[in-house]
Amino acid sequence: MTLVRCTDVARTFGRGDQAVVAVHGCTCAVEPGARIAITGSSGSGKSTLLHLLAGLETPTDGTVERPELGARDIAVVFQGPSLLPALTVSENVSLAAVLTGTDEAEADRRATAAMATVGVAGLAGQLADTLSGGQAQRVAIARAIALRPRLVLADEPTGQLDADTGAHVLDVLLAAAVETGAALVVTTHDPVVAGRLDEQWQMNDGRLLVPATEGVR
Ligand code: ADP
Ligand code: MG
């Protein structure tokens, strides 16, 4: 069953003369097991569409439906630094489970498994603010998969990394999605990154250009 379905979704920021239509008339669906890249130049509406899929933004028009997803089934990897700098890596990864009522031993167990999946187990006791950009992004991925979500949404996860580090982080993200069975949606302006996902959704000036081969969903 479809994880997220957007029907004629629009998101406008501001009002009157200041209004910016970040996304217009977007109809799309994320199916279980999907590996989707949302591509497009800066300002084309990629992040806004990702946030709409996540439920972090509400549409100003149209509908976003997630028929079988609960709040804990969706995880987001944010674009910039997002770890809590004064906590250790393992505390960052287990925090969401602890905050949502999982007992600490079980939260630790899940964090350990997630850190192993993305290859950061050796950093578990390190403070987050001592990590390199690539390490921090892998920890953010571990945090995202620790709750075993059914959908992982990552906003330019390689955008601030050099090409080799970015490629490795993408490997980790793809492997984590395979291991946990989660669907994956990644925004990127990098065609090399986009080419590693199974589907490419191109945004242009707030509009989603559905690939001709896929037809209208
Ligand atoms: P991308 O991720 O492709 O760079 P965004 O979705 O961030 O694009 O932005 C699309 C458009 O919406 C841009 O013109 C941007 O300035 C505008 N925008 C995004 N978020 C906001 C916001 N919170 N307030 C006002 N304008 C915004
Ligand atoms: Mg963006």
Side-chain angles (χ1 to χ4, degrees), residues 3-30 34-66 71 74-83 133-134 136-141 143-145 149 151-163 165-170 172-174 176-177 182-211 214 217:
L3 298 179
V4 188
R5 180 184 302 286
C6 295
T7 307
D8 295 327
V9 162
R11 173 70 209 197
T12 302
F13 292 107
R15 288 166 195 278
D17 289 353
Q18 309 293 319
V20 174
V21 185
V23 168
H24 10 185
C26 173
T27 295
C28 58
V30 180
R35 308 274 180 262
I36 299 164
I38 302 177
T39 67
S41 55
S42 177
S44 60
K46 302 183 294 299
S47 295
T48 304
L49 178 56
L50 193 88
H51 292 161
L52 288 162
L53 292 170
L56 294 171
E57 293 280 6
T58 50
T60 43
D61 208 352
T63 56
V64 181
E65 296 161 285
R66 299 174 197 84
I74 302 174
V76 180
V77 179
F78 293 96
Q79 185 165 7
S82 62
L83 302 177
Q137 206 54 322
R138 282 188 288 151
V139 173
I141 293 166
R143 180 179 58 184
I145 64 168
L151 173 61
V152 175
L153 301 158
D155 197 4
E156 305 257 6
T158 63
Q160 296 174 10
L161 306 174
D162 64 66
T165 310
H168 180 56
V169 164
L170 194 65
V172 162
L173 195 51
L174 286 163
L184 177 64
V185 182
V186 174
T187 69
T188 182
H189 59 264
D190 182 343
V192 175
V193 172
R196 303 225 16 227
L197 284 297
D198 296 340
E199 269 180 73
Q200 287 76 33
W201 293 1
Q202 196 188 337
M203 292 291 289
N204 184 14
D205 208 9
R207 294 183 192 281
L208 185 58
L209 310 175
V210 177
E214 301 240 332
R217 287 158 166 276

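First listed ligand is number 1; within each ligand, the first listed atom is number 1. Quick caveat, the model's predicted, so the values are computed rather than measured. FYI, side chains are in, hydrogens and waters are out, and symmetry mates aren't considered; it's all heavy atoms of this structure. Here, residue 1 is the first one in the sequence, and each next residue gets the next number.
Going from atom CZ of R5 over to atom CZ of R66 covers 13.0 Å, rounded to the nearest 0.5 Å. From T39, atom OG1 reaches atom NE2 of H189 across 11.5 Å, with rounding to the nearest 0.5 Å. Atom-to-atom distance recorded for Q79:CD and L50:CG is 10.0 Å, nearest 0.5 angstrom. Rounded to the nearest 0.5 angstrom, L184 CG and I145 CD1 are separated by 11.0 Å. We find the CZ-NE2 distance between R11 and H51 to be 11.0 Å, quoted to the nearest 0.5 Å. One finds the CD atom of E199 at 11.0 Å from the CZ atom of R35 (value rounded to the nearest 0.5 Å).
Only protein N, O or S atoms were scored, and 1 of them lie under 2.8 Å from the Mg ion (ligand 2).
S44 and N204 are not linked by any side-chain donor-acceptor pair at a separation below 3.5 angstrom, with hydrogens and angles left out of the test.
Of all the heavy atoms in L161 and G133, the pair that sits closest is CD2-C, 3.5 Å. Of all non-hydrogen atoms in A10 and G25, the two that sit nearest each other are CB-N, 4.2 Å.
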Measure and list all N/O to N/O distances between ligand 1 and the protein that fall under 3.5 angstrom.
| unit_1 | atom_1 | unit_2 | atom_2 | d |
| --- | --- | --- | --- | --- |
| ligand 1 | 2 (O) | S47 | N | 2.9 |
| ligand 1 | 2 (O) | S47 | OG | 2.9 |
| ligand 1 | 3 (O) | S44 | N | 3.2 |
| ligand 1 | 3 (O) | S44 | OG | 3.4 |
| ligand 1 | 3 (O) | G45 | N | 3.1 |
| ligand 1 | 3 (O) | K46 | N | 3.0 |
| ligand 1 | 3 (O) | K46 | NZ | 2.8 |
| ligand 1 | 4 (O) | G43 | N | 2.7 |
| ligand 1 | 6 (O) | T48 | N | 3.0 |
| ligand 1 | 6 (O) | T48 | OG1 | 2.6 |
| ligand 1 | 8 (O) | G45 | N | 3.1 |

